[in-house]
Each structure stands twice: as structure tokens, then as C-alpha cells.
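Mind looking over this structure? Questions follow.
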Amino acid sequence: MNARTLRGAVVVAGAAFVVRRAVRRRVRRSPLWPMPALEEPTSGRPRARALSLRVTRHEQVAEGVVQLRLEGHDLPAWQPGAHLDLVLPSGLVRQYSLCGDPEDTSSYTVATRFIPADEGGRGGSREVHEQVREGTEVEVRGPRNRFPLDAAAPAYLFVAGGIGITPILPMLREVAARGADWRLLYGGRSLASMPFVEDVRKLGGRVTVVAEDEDGRPDLAAALADTAPGTAVYCCGPEGLMAAVEAALPEHCTLHSERFTPRNSVEGNGPFEVELRRSGRIVDVPADTTVLAAVRSEVPTVAYSCEQGFCGTCQQRVLEGEIEHRDELLTDAERADSMLICVSRARGKRLVLDL
């Protein structure tokens, strides 16, 4: 190779390096480049860094209910009412309330009820019950708390149904430890199916346990009527229980609730269209279809997991249009310009997404 050829090769190699570096920088600014870069897109961005924890206990604590102990080191602190995102080995993301001791920074404790497919189960609880075992490494995100305990309330009434006792159990321990005025009404299909019954009974005579197969349904009206002004009512359980408590709530009480499934709000659904700004495609969303399902027909790779508005995987930035938020996760600031497309919808006829 003569000197002229060598110089030419060096120049070409140098130019190629500069071009590659420029392209890498451009892609970092906009992962979908060469489509237009938009300011601070949130599409597909994970909500929180995951921790890797080891399952050191997997035990049945009631019929159809297993408890997991997840161990690590110097774990993030949490308060009663908080929950974790559990990233299962299959990649499914599910949310479980923390029911252990907030002072324990070496482990988290959660419990989950098995939900078969004919009752609406979508595989997460089956995986926890049948595939997650002691020694399994799992990822968790959080903790997050959308169900915090009001420390200033003059009195408390806790209403739990079945697995709904899990976020309430740490609350009971806290209010009992500080001598607050509190009562618990805990119902379930049978004593055998109700987790942590003995734990709550140890807290004293302010606990009423009602097993439906022996005692019938809890008398919610009587429990709510016997409340002092300013009582904070905390409720977690099946949708029917939540709706009944909300309907019977006295005016002098405040209601705090947490759902394991999205609030039923299908009445009044209307069709609308979604523009995917980056691709320019228009997607029709019928009244009986979620935005997620409609978008996936055009963009099969769009990220999602729980499909119930809890995990945040499907959060997308909204560039235009008014949003009807139906999730239990986003903050007010996040709701200003983004939505969870698995449950939320448009208030009008059109939305524009950063996709």
C-alpha cells in the first residue's frame, strides 16, 4: 500500500468514526430516530430501578393464600399501606401490599391469594403459588404508598375483606402501639380462607371477625354508624365490599381505600381516536376496547404488564387531548401530561400520544 492509499484509508476510517459517534448521540437523544425527537418523552421509560431479592420463605398462611419473605440488605424504608411491584421470573409485573414490619430493613413480606382463570386470574398469582419457591431471585420496584395512614385522625375504623387485610395489618400494629382509638371489621368466605386471623385477634377486643359461612355477611351499616366524628375509615377488599362501605359512609367520616382491581367505570364509554405522533398513524378506539389493545394492533411492541392501571409499565406521554384517568398510580403532576393506556381513556374524541 503506497502512502497516498494509506492516507486515504485513514481519512475514510476517521470519517466513519465521526459519523458513528454522531449517530449514537442522535439515537441517545431520540431512541426512535430518525423520527422527530420530542422534548423529554416518557414513552417506555421504567418507573423505578428494580432491586433483586431472594425468596427465603414461601408458606401457605390460609386456604389459597401464600406469604413470601423477600430478603436483601438496607432495603428502602416504607410506611403502613405501601406496596411493591413484583417482577416475576416470567416478566409479569404484579402489585402486593407489604404486610411485615416497617422497622425490618433486611426483608419485605407480602401475601397473595390464588385467583384461577375462571375468576379473572391472568397468571400472576398462579406463578407466585406454583413457580416461585425458596431460593428464587425476584426483582421488586418500590415501595410506593397510595394508601397512607393518617396519623392525625382522632379515631380509626378498618374494614378488610379476605386478602384485603394485608395493607391494613401494619396499620393495626401501628395504631395499637400508640394507643389510638381503633376498631377492625374483618370479613371473609370462611375462617380457613382468611389470612392473619390469629395475628389480628392478638391485638385485643377491638377486632370483629366475620366468616360468611358461619356468621353471614358483616353488618357494615352498624359498624359505620357507631363511629365518632372525624373517624378515618380504611377499607381494602373485593369491589362489592368497597362499594358498600362507600355507599354507607356517614358524612362525619373520611374514607381511604385501596383496590386490587381497577374501579369499574365502563358506563358512558365512547369511541375516540388516537394519533401516534411519531409514526403519524391514527388508531380508532371503540367503546369496548382499551387504548392499549387498540395501540397494540398497530404497535405490537408497546410495553405493558398488569393491564389494570397499577404497575405503570404502559405509561405514555399525551401531547394533545383531555384524559379521563382511571388508574390508581399516577401522581397529579404525572397526570398533567401522561396516562396509563391500559385503563384510562379520552374525555373527548381525540388523543395524541408520544408514540
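Position 1 is the first residue of the sequence, and the numbers go up from there.
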Item to check | Aromatic contact, Tyr186 with Phe158 (centres under 6.0 Å) | outcome: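 When the ring centroids of Tyr186 and Phe158 are compared, they turn out to be at least 6.0 Å apart.
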Item to check | Carboxylate-amine/guanidinium proximity below 4.0 Å for Lys349 and Glu273 | outcome: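 No, Lys349 and Glu273 are not salt-bridged.
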Checklist entry - Are Phe196 and Leu241 connected in the hydrophobic side-chain network, where two residues link if heavy atoms are under 4.5 Å apart? => result no
Checklist entry - If you measure only the distance, is there a donor-acceptor pair under 3.5 Å linking the side chains of Ser279 and Arg281? => result yes
Checklist entry - Taking Asn269 for the side chain and Ala287 for the main chain, is one N or O donor matched with an acceptor at less than 3.5 Å? => result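 Yes, Asn269 side chain to Ala287 backbone: donor-acceptor pair under 3.5 Å.
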Next on the checklist: Quick check on side-chain hydrogen bond (donor to acceptor under 3.5 Å, both in side chains): which of Arg277, Arg278, Gln316 does Asp354 satisfy it with?
Outcome noted: Arg278
Next on the checklist: Using only atom types and a distance under 3.5 Å, with no angle test, would you say the side chain of Arg133 pairs donor to acceptor with the backbone of His129?
Outcome noted: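 Answer holds: yes.
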Next on the checklist: Is it the case that atom CZ in Arg350 sees more than 12 heavy atoms from other parts of the structure closer than 6.0 Å?
Outcome noted: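 Enclosed.
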Item to check | Beyond-backbone contact of Val87 with Arg141, side-chain heavy atoms, under 4.5 angstrom | outcome: yes
Item to check | Spacing of Ile115 atom CD1 and Ser125 atom OG [to the nearest 0.5 Å] | outcome: 5.0 Å
Next on the checklist: Can you tell me how far apart CE (Met171) and NE2 (His256) are? Round to the nearest 0.5 Å.
Outcome noted: 9.0 Å
Checklist entry - What pair of heavy atoms forms the shortest contact from Phe147 to Cys235, and how long is it? => result CZ-O, 3.8 Å
Checklist entry - Do His252 and Thr227 meet the criterion of a side-chain donor-acceptor pair at a distance under 3.5 Å? => result yes
Exercise answer: donor-acceptor pairs, residues 200-214 side-chain atoms, under 3.5 Å, sequence neighbours excluded:
{"residue": "Arg201", "atom": "NH1", "partner": "Glu198", "partner atom": "OE2", "Å": "3.4"}
{"residue": "Arg206", "atom": "NH1", "partner": "Ala180", "partner atom": "O", "Å": "2.7"}

Checklist entry - Tell me, do Val291 and Val274 make a side-chain contact under 4.5 Å, heavy atoms counted? => result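 In contact.
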Item to check | Separation of Leu172 CG from Cys99 SG (nearest 0.5 Å) | outcome: 12.0 Å
Next on the checklist: Tell me every residue that passes side chain to side chain donor-acceptor pair (under 3.5 Å) with Arg69, counting only those two or more places apart in sequence or in another chain.
Outcome noted: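 Result, side chain to side chain donor-acceptor pair (under 3.5 Å) vs Arg69: Glu71, Ser107.
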Item to check | Donor-acceptor pair, side chain of His58 and main chain of Val128, under 3.5 angstrom | outcome: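 Such a contact is found between His58 side chain and Val128 backbone.
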Checklist entry - Which heavy atom in Ile168 sits nearest to a heavy atom in Ala160, and how many Å separate them? => result CD1-CB, 3.9 Å
Checklist entry - With a 4.5 Å heavy-atom cut-off, do Asp337 and Leu319 have their side chains touching? => result no
Checklist entry - Do Pro102 and Pro80 touch side chain to side chain, with heavy atoms closer than 4.5 Å? => result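 Yes, close enough: below the 4.5 Å cut-off.
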Distance-only donor-acceptor pairs under 3.5 Å for side chains of residues 149-156, two or more places apart:
{"residue": "Asp150", "atom": "OD1", "partner": "Ala152", "partner atom": "N", "Å": "3.0"}
{"residue": "Tyr156", "atom": "OH", "partner": "Asp150", "partner atom": "O", "Å": "2.5"}
{"residue": "Tyr156", "atom": "OH", "partner": "Arg178", "partner atom": "NH2", "Å": "2.9"}

Checklist entry - Have Gln95 and Asp85 got a donor and an acceptor in their side chains that come within less than 3.5 Å? => result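 There is such a pair (donor and acceptor under 3.5 Å, judged by atom type) between the side chains of Gln95 and Asp85.
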Item to check | Min side-chain heavy-atom separation Arg173-Asp101 under 4.5 Å | outcome: no
Checklist entry - How long is the gap from CG on Leu68 to CD on Glu134, to the nearest 0.5 Å? => result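 Going from CG on Leu68 over to CD on Glu134, the span is 9.5 Å.
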Checklist entry - Do other residues, nucleotides or ligands put more than 12 heavy atoms under 6.0 Å from the OH atom of Tyr304? => result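 Atom OH in Tyr304 is not crowded, with 12 or fewer foreign heavy atoms closer than 6.0 Å.
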Checklist entry - What are the two closest non-hydrogen atoms of Pro195 and Val65, and how far apart are they? => result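 Heavy-atom minimum between the residues: CB-CG1, 4.1 Å.
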Checklist outcome for this item: Residues Cys236 and Glu258: closest non-hydrogen pair is SG-O, 3.4 Å
Next on the checklist: If I take atom CD from residue Glu246 and atom CG from residue Leu224, how far apart are they, to the nearest 0.5 angstrom?
Outcome noted: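 Rounded to the nearest 0.5 Å, the CD-CG separation comes to 11.5 Å.
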Next on the checklist: So, taking the atom named OG1 in Thr289 and the one named CG in Asp284, what distance separates them when rounded to the nearest 0.5 Å?
Outcome noted: 10.0 Å
Checklist entry - Ignoring hydrogens and geometry, is there a side-chain-to-backbone donor-acceptor pair from Ser338 to Arg335 under 3.5 Å? => result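 Here the side-chain-to-backbone pair does not exist.
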